Amino acid sequence: MKAAASRRSLPLVLAAAAVAIEWARTLGMGVAPLAAGAAGGALLLALAAGSAPERLGLAPGRWGPRLIGAAALTVVLLLPAAVRWTGAMPLSGWFAVVAAVIAIGEEVAYRGVLFAALEEVWGGAVAVVGSAAAFALAHALSHPVAFLPAVFAAGLVLGVWRWLARDLVAPIAAHFLADFCL
């Protein structure tokens with residue numbers, strides 16, 4: 001009985017931890033952007049410690065479909081950005097490296113560890129919606145409120161891919177490329 005309750009509470013604990021890490025990263029980036037971004041991304045990655053790669057959607061192989069999926073997801077994620085593109089150059093140097101660490105950390109945390117925990121307890125549909133909701137909440141301090149529905153929608157798109165393709169590589173690549181270009 002106690003083990004079942006513990007198993008059901010794990011997704012909530014993981015979601016709270018991921019959101020807390022993101023909020024701390026966001027606040028820290030106002031003081032030391034590179035250090036806070038790198039530390040935040042690394043802490044999000046640490047949530048996956050001890051998880052089997054297969055559980056996270058990171059099983060080896062299937063590179064062709066993964067790359068095609070990454071390209072398709074990137075296009076979908078960049079469509080809203082294309083509308084508001086200012087002509088600014090993408091990130092470069094250490095900011096690009098930190099953006100990669102953050103994007104990888106977010107995907108591993110939300111559509112890797114949290115998704116797997118939610119799916120094990122409540123099924124795939126709840127995993128998609130729950131991981132997208134936590135992802136949007138995590139961005140509440142770093143994005144305008146009017147943009148949060150777009151963050152939630154991006155989380156849904158990435159979560160549906162994760163669920164149906166059983167893959168996290170394409171969402172990681174698409175998320176990084178979208179952040180890099182925004």
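By convention here, the first residue in the shown sequence is residue 1. Predicted, not measured: the structure shown is a model, and the values here were computed from it.
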key: Trp122, CH2: over 12 other non-hydrogen atoms inside 6.0 angstrom   = yes

Atom [atom1] in [X], atom [atom2] in [Y]: separation rounded to 0.5 Å?
X: Leu177; Y: Leu78; atom1: CG; atom2: CG; result: 7.5 Å
X: His175; Y: Leu168; atom1: NE2; atom2: CG; result: 11.0 Å
X: Phe115; Y: Leu56; atom1: CZ; atom2: CG; result: 11.5 Å

task = Under the ring-ring contact (aromatic ring centres under 6.0 Å, His included) rule, collect the residues that match up with Tyr110, sequence neighbours excluded.
result = Phe135

task = With sequence neighbours excluded, tell me which residues meet ring-ring contact (aromatic ring centres under 6.0 Å, His included) with Phe152.
result = none

key: Ala154: side chain to side chain contact (heavy atoms under 4.5 Å, CB included) partners, not counting sequence neighbours   = Leu77

Results of side chain to side chain contact (heavy atoms under 4.5 Å, CB included) for Leu12 - residues two or more places apart only = none

Tell me whether [X] shares a hydrophobic cluster with [Y], the cluster being built from Ile, Leu, Val, Met, Phe, Trp, Tyr side chains joined at under 4.5 Å.
X: Leu156; Y: Leu79; answer: no
X: Leu67; Y: Val169; answer: no
X: Leu10; Y: Val121; answer: yes
X: Leu164; Y: Ile68; answer: no
X: Val19; Y: Val126; answer: yes

Ignoring hydrogens, what is the shortest heavy-atom contact between [X] and [Y]? Give both atom names and the distance.
X: Val98; Y: Ala38; result: CG1-N, 3.7 Å
X: Ser51; Y: Val113; result: OG-CG2, 4.4 Å
X: Asp179; Y: Ala103; result: OD2-CB, 4.0 Å
X: Ala70; Y: Ala173; result: CB-CB, 3.7 Å
X: Ala18; Y: Ala109; result: CB-CB, 4.4 Å

query = Restricting to pairs with a member in residues 31-47, which pass side chain to side chain donor-acceptor pair (under 3.5 Å), not counting sequence neighbours?
reply = none

ask   = side chain to side chain donor-acceptor pair (under 3.5 Å): which pairs involve residues 160-173, sequence neighbours left out?
value = Arg66-Asp167, Glu119-Arg166, Trp161-Asp167

inquiry  = Could you check whether any side-chain N or O of Trp23 sits under 3.5 Å from a backbone N or O of Leu137, counting only pairs where one atom can act as donor and the other as acceptor?
reply    = yes

query = Parallel under 30°, tilted from 30 to 60°, perpendicular over 60°: which one fits the rings of His143 and Phe147?
reply = parallel

query = When Ile, Leu, Val, Met, Phe, Trp and Tyr are grouped by side-chain heavy atoms lying under 4.5 Å apart, directly or through other members, which residues fall in the same group as Leu44?
reply = Ile21, Leu43, Leu47

ask   = Linking Ile, Leu, Val, Met, Phe, Trp and Tyr by side-chain heavy atoms under 4.5 Å, what else ends up with Val13?
value = none

task = Mind checking side-chain hydrogen bond (donor to acceptor under 3.5 Å, both in side chains) for Arg25 and listing every partner two or more places apart, or none if nothing turns up?
result = Glu22, Glu106

key: Val97 and Leu34: CA distance, side-chain angles, deciding distance, side chain to side chain contact (heavy atoms under 4.5 Å, CB included) verdict   = CA-CA 9 Å; Val97 172; Leu34 293 175; over 6 Å; no

Salt bridge (charged side-chain N to carboxylate O under 4.0 Å, His left out) partners of [range], not counting sequence neighbours, each pair once:
range: residues 37-61; result: Arg55-Glu120
range: residues 35-45; result: none
range: residues 33-50; result: none

